[in-house]
Amino acid sequence: MQVTIDKNSGYCFGVEFAIKMAEDEMENSEQLYCLGDIVHNDMEVSRLRAKGLVIIDREQLAELRDCKVLIRAHGEPPETYKTAIENNIELIDASCPVVLKLQHRVKNAFDKMEREEGQIVIYGKKGHAEVIGLTGQTLEKAIVVMEEADLEKIDYTRPVTLFSQTTKSTKGFYQLSQKIEDRIKLAKGEVNEVDFNANDSICRQVSNREPQLQRFARENDVILFVSGKKSSNGKALYQVCQIENPRSYFIENETELDPEWLKPDDKVGICGATSTPMWLMEQVKTHVEGLGEIMLHA
């Protein structure tokens, strides 16, 4: 049995940077607060919790005073920074530079749309940490859309500026963008630059993983996709594997692996989301190799 870990899987630089910042900070202090899960992977959250990372929500943040709080890669709305100043909280800001740049673009576009009586539309998951940070740049006026039913919220007689959550599917973004354009054309008879401005703001480090994963899924007999169940990026990338290889399985860790999925002469590929730590994929690999040995001697 051949077992390979996809070299392109694992943390994107934004998540890696946030975890490094948290670990560095915890070397000098016994406790560090983090606003929301630092990464959408329960096993990594548990590992960091054991080192002194305390996960809090926005309500708890409002109660804290005179302490340190980490902002994770997803970024935060302006309200969080305001609370920190009022409560004398030192922020360890690990916002991903790609997300920060997008927040700035959304804010500028929102100011322009306010002058032109237009709308900011964000292709993303409502309630997702990054999307909360983005809608915060628009005084919560941005319209969040994810599927066709959500398009009913848009007024097609007014200008539309579209952005995307950085971890969404490129294909999904362009399909949605086309549907919005078609509806503007239907409402106005034509579409010019003032009517519609679509900004593909998907992180290329994330979107480039799709073609890489497609190849990896085809090269192996079985795919074990390792990811936290909360990861939206994980769900999207797992679907990419499933389309290419029907013998693809989503697992959170090695305990969820069913030996029935494997045959002794299989080529097994292990891959994961941008929130999957390499140590976890290596743990799964060791477990699979152990099962391979048992099958060999059975």
Between [X] and [Y], is there a donor-acceptor pair closer than 3.5 Å when you use the side chain of the first and the backbone of the second?
| X | Y | result |
| --- | --- | --- |
| Glu130 | Thr166 | yes |
| Asp258 | Glu260 | yes |
| Ser29 | Met26 | no |
| Asn87 | Leu64 | yes |
| Ser248 | Asn245 | yes |
| Asp200 | Ile202 | yes |
| Glu252 | Lys229 | yes |
| Arg72 | Val39 | no |
| Asp266 | Lys263 | yes |
| Glu117 | Met113 | no |

Which pair of heavy atoms, one from [X] and one from [Y], lies closest together, and at what distance?
| X | Y | value |
| --- | --- | --- |
| Ser227 | Asn41 | C-ND2, 4.3 Å |
| Val144 | Gly124 | CG1-O, 3.4 Å |
| Gly136 | Pro78 | O-CD, 3.4 Å |
| Gln205 | Cys12 | OE1-CB, 3.5 Å |
| Glu76 | Thr80 | OE1-OG1, 2.7 Å |
| Asn233 | Ala273 | OD1-CB, 3.3 Å |

Output yes when [X] and [Y] qualify as a salt bridge under the 4.0 Å nitrogen-oxygen rule, no when they do not.
| X | Y | answer |
| --- | --- | --- |
| Arg47 | Glu23 | yes |
| Lys267 | Glu219 | no |
| Lys141 | Glu114 | yes |
| Lys20 | Glu16 | no |
| Lys68 | Glu25 | yes |

Picking from Val160, Asp150, Leu176, what satisfies side-chain contact (heavy atoms from CB on, under 4.5 Å) with Val121?
->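 Exactly one option meets the side-chain contact (heavy atoms from CB on, under 4.5 Å) with Val121, and it is Val160.
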
So among Leu100, Val99, Val106, which one has a side-chain contact (heavy atoms from CB on, under 4.5 Å) with Leu102?
->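 With Leu102 as partner, side-chain contact (heavy atoms from CB on, under 4.5 Å) holds for just one option, Val106.
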
Gln178 and Tyr174: CA distance, side-chain angles, deciding distance, side-chain hydrogen bond (donor to acceptor under 3.5 Å, both in side chains) verdict | CA-CA 6 Å; Gln178 189 58 55; Tyr174 283 101; over 6 Å; no

Can you label the angle between the His40 ring and the His128 ring as parallel, tilted or perpendicular, going by 30° and 60°?
->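 Ring orientation, 0 to 90° scale: perpendicular.
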
Evaluation steps, side-chain contact (heavy atoms from CB on, under 4.5 Å), between Cys96 and Phe17 = CA-CA 8 Å; Cys96 172; Phe17 174 66; over 6 Å; no

Pair Asp221-Val268, side-chain contact (heavy atoms from CB on, under 4.5 Å): steps then yes or no = CA-CA 6 Å; Asp221 300 310; Val268 181; over 6 Å; no

Candidate pair Thr83 and Tyr81, rule side-chain contact (heavy atoms from CB on, under 4.5 Å), full reasoning | CA-CA 5 Å; Thr83 303; Tyr81 295 88; over 6 Å; no

Evaluate whether atom NZ of Lys171 has more than 12 neighbouring non-hydrogen atoms of other residues, nucleotides or ligands under 6.0 angstrom away.
->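 No - once you tally the heavy atoms of other residues, nucleotides and ligands closer than 6.0 Å, there are 12 at most.
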
Would [X] and [Y] count as having a side-chain donor-acceptor pair, cut-off 3.5 Å?
| X | Y | answer |
| --- | --- | --- |
| Gln212 | Asn208 | no |
| Asn253 | Thr255 | yes |
| Thr161 | Asn197 | no |

After noting the C-alpha distance and the side-chain angles of Ser95 and Asp93, does the key distance pass the side-chain hydrogen bond (donor to acceptor under 3.5 Å, both in side chains) rule?
-> CA-CA 6 Å; Ser95 300; Asp93 199 339; 2.6 Å; yes

Carefully, step by step, assess Met1 and Asp265 under the rule side-chain contact (heavy atoms from CB on, under 4.5 Å).
-> CA-CA 5 Å; Met1 189 183 285; Asp265 56 350; over 6 Å; no

Steps toward side-chain hydrogen bond (donor to acceptor under 3.5 Å, both in side chains) verdict (Tyr123, Glu147) | CA-CA 9 Å; Tyr123 169 51; Glu147 47 210 29; over 6 Å; no

